[in-house]
Visitor: 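One structure follows; several queries about it will come next.
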Amino acid sequence: MDLFEYMRQNNMEKESPLAARMRPTTLEEVVGQQHIIGKDKLLYRAIKADKLSSIIFYGPPGTGKTTLAKVIANTTSAEFVQINATVAGKKDMEETVEKAKSAQGMYGKRTILFIDEIHRFNKGQQDYLLPFVEDGTLILIGATTENPYFEVNGALISRSVIFELKPLEKEDIRQLLKKAVYDREKGMGAYEAEIEEDALEFLAELSGGDARHALNAIELGIMTTNRSEDGKIHITLAVAQECIQKRVMRYDKNGDSHYDTISAFIKSMRGSDPDAAVYYLARMLYAGESVTFIARRMMICAAEDVGNADPQALVVAVNASLAVERVGMPEAQIILAQAVAYIASAPKSNAASEGIAAAMHAVQETGNLAIPVHLQDAHYKGAAKLGHGTGYKYAHDYKNNYVKQQYLPYELNGREFYKPSGNGYEVKIREHMQRIRREAEGGGSETAKS
């Protein structure tokens, strides 16, 4: 490292954002994540013993993935190389591999390669790393906000230990904020600032477990607030509210939070809990989810989970879908809330959903079974001469507009696909079908209408 590079790094350390300056250098300084770095945990023991194997840190932003990698860098005797997948290319990896081979061959030193945002690497880039991870040339530490089982090469996953980091607890954020305000070495203690208890509580609550977001807010507050008559900077609730104007929502439309929230939304409607359903609707709207996407999921739920127990549920969902496209936000949230509350409160039946699933399975198993001749079309050219339609009984000519005859292919005779439940309107459907079939068996439907 030359003098200019040394000066540049020193200046960066002094001028870098508070969140970067506050980053721990030892395991003991790390706040939170005790489920993976507690003293009896595997990762803690591996770092302390400097016996790491390849690992992947997975979790939301601001939970300490890069922090843990930096702690490892400060602890290990191995060579430590860091690259960011958003800017690194194959050439960077080739250079790293060559240096790792040299360090291993000449000095017997291992090389740890930390790849931030590893999910940004394409399949070819990830495949390139595989043989060097497998033969021990590189010990890989990957960090990702995306589910690694979806975004990281399966072969790399199988050779790594996955550690999931959780959003920090509110008390962890409080601890970090107090240190940021009063610590003179890494924090902003030199500014002689004080933070009021309600402001501390507010920032810890609204940060959503994201340490970086909380530290950025407190830095902004201290840097932009004038000193009071006592010569100190007072971080009041009003200042805190100004610095963090909207609660952090973990909702990446392509990530886990998206799927987890929509899953909870649908399961709440299915489970007949309108309060939870409306709450998850609000979470999605707050995070900017597409109203058309929400409406599509509601229509599916109305058909799949309510079905004919309340046929109006699908009507409500479809009309809500049309209405929100025409009205737009913010008023569309009222329309969605009405439809969600209706679907969640409606009686439930998945009889239609199970019926089509069973029928599809039967088609897959049996293929193109012959349609009974009397149901075949007799109108196209020559069909009547072949006997198509012969013997067909027109239902409206009979009592109850029902006549017993073979509708299913003969090989599937007696199979039931739609079985109305005992809920809502399906009770009437079931009773009606039982009545007309019973009367048909008694001969009643064989009597043509007069």
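Counting begins at 1 with the first residue of the sequence. Keep in mind that what you see is a predicted model, and the values were worked out from it rather than measured. Side-chain atoms are counted along with the backbone in the values below, which use heavy atoms only and exclude waters and symmetry mates.
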Visitor: Taking only residues two or more places apart in sequence, or in another chain, which ones meet E169 in a salt bridge (charged side-chain N to carboxylate O under 4.0 Å, His left out)?
Guide: none
Visitor: What residues form a side-chain contact (heavy atoms from CB on, under 4.5 Å) with E28, not counting sequence neighbours?
Guide: T26, Y44, K48
Visitor: Should M269 and V340 count as side-chain neighbours, where that means a heavy-atom distance under 4.5 Å?
Guide: yes
Visitor: Does K186 have any salt bridge (charged side-chain N to carboxylate O under 4.0 Å, His left out) partners at least two apart in sequence or in another chain, and if so, which?
Guide: E29
Visitor: Are any non-hydrogen side-chain atoms of I173 and D210 less than 4.5 angstrom apart?
Guide: no
Visitor: If you measure only the distance, is there a donor-acceptor pair under 3.5 Å linking the side chains of S349 and E426?
Guide: yes
Visitor: Could you check if a side-chain atom of T144 sits within less than 4.5 angstrom of a side-chain atom of D116, using non-hydrogen atoms only?
Guide: no
Visitor: Do F114 and T66 have side-chain heavy atoms sitting under 4.5 Å apart?
Guide: yes
Visitor: When you compare the side chain of I37 with that of V30, does any pair of heavy atoms fall below 4.5 Å?
Guide: yes
Visitor: Passes salt bridge (charged side-chain N to carboxylate O under 4.0 Å, His left out), R110 versus D50? Steps please.
Guide: CA-CA 11 Å; R110 303 175 304 157; D50 198 10; 3.2 Å; yes
Visitor: Any salt bridge (Lys or Arg N to Asp or Glu O under 4.0 Å) involving residues 407-423? Give me the pairs, sequence neighbours left out, ordered by first then second residue.
Guide: none
Visitor: List the residues meeting side-chain contact (heavy atoms from CB on, under 4.5 Å) with A180, not counting sequence neighbours, and say none if there are none.
Guide: L18, M22, L215, I218
Visitor: Using residues 293-309 as the side-chain source, report each donor-acceptor pair under 3.5 Å to any protein atom, sequence neighbours left out, with the distance given to one decimal.
Guide:
from	atom 1	to	atom 2	distance (Å)
D305	OD1	R270	NE	2.9
D305	OD2	R270	NE	3.2
N308	ND2	Y418	OH	3.3

Visitor: More than 12 heavy atoms of other residues, nucleotides or ligands under 6.0 Å from CZ of R174: yes or no?
Guide: yes
Visitor: I'd like to know whether K428 forms a salt bridge (charged side-chain N to carboxylate O under 4.0 Å, His left out) with E431, so could you lay out the CA-CA distance, the side-chain angles of the two residues, the decisive distance to 0.1 Å, and finally the verdict.
Guide: CA-CA 5 Å; K428 292 185 177 181; E431 289 174 352; over 6 Å; no
Visitor: Report yes or no: do K267 and S263 form a side-chain donor-acceptor pair below 3.5 Å?
Guide: yes
Visitor: Other residues, nucleotides and ligands only: do more than 12 of their heavy atoms fall within 6.0 Å of OH on Y425?
Guide: no
Visitor: Only pairs at least two apart or in different chains count here, so list each side chain to side chain donor-acceptor pair (under 3.5 Å) that has a residue in residues 320-342.
Guide: D310-Y342
Visitor: Applying side chain to side chain donor-acceptor pair (under 3.5 Å), which residue pairs with at least one partner in residues 175-185 are found, sequence neighbours left out?
Guide: R184-E192
Visitor: Mind checking side-chain contact (heavy atoms from CB on, under 4.5 Å) for D92 and listing every partner two or more places apart, or none if nothing turns up?
Guide: A88
Visitor: Measure from the side-chain N and O atoms of S54 to the backbone N and O of L140, and report whether any donor-acceptor pair falls under 3.5 Å.
Guide: yes
Visitor: Does any pair with a residue in residues 129-149 pass ring pair (Phe, Tyr, Trp, His ring centres under 6.0 Å), and if so which ones, sequence neighbours excluded?
Guide: Y128-F132
Visitor: Would you list the pairs meeting side chain to side chain donor-acceptor pair (under 3.5 Å) in which at least one residue belongs to residues 215-229, sequence neighbours left out?
Guide: none
Visitor: Restricting to side chain to side chain donor-acceptor pair (under 3.5 Å), what partner residues turn up for Q34, sequence neighbours left out?
Guide: none
Visitor: Got a sec: does the NE2 of H35 have more than 12 other heavy atoms crowding it under 6.0 Å?
Guide: yes
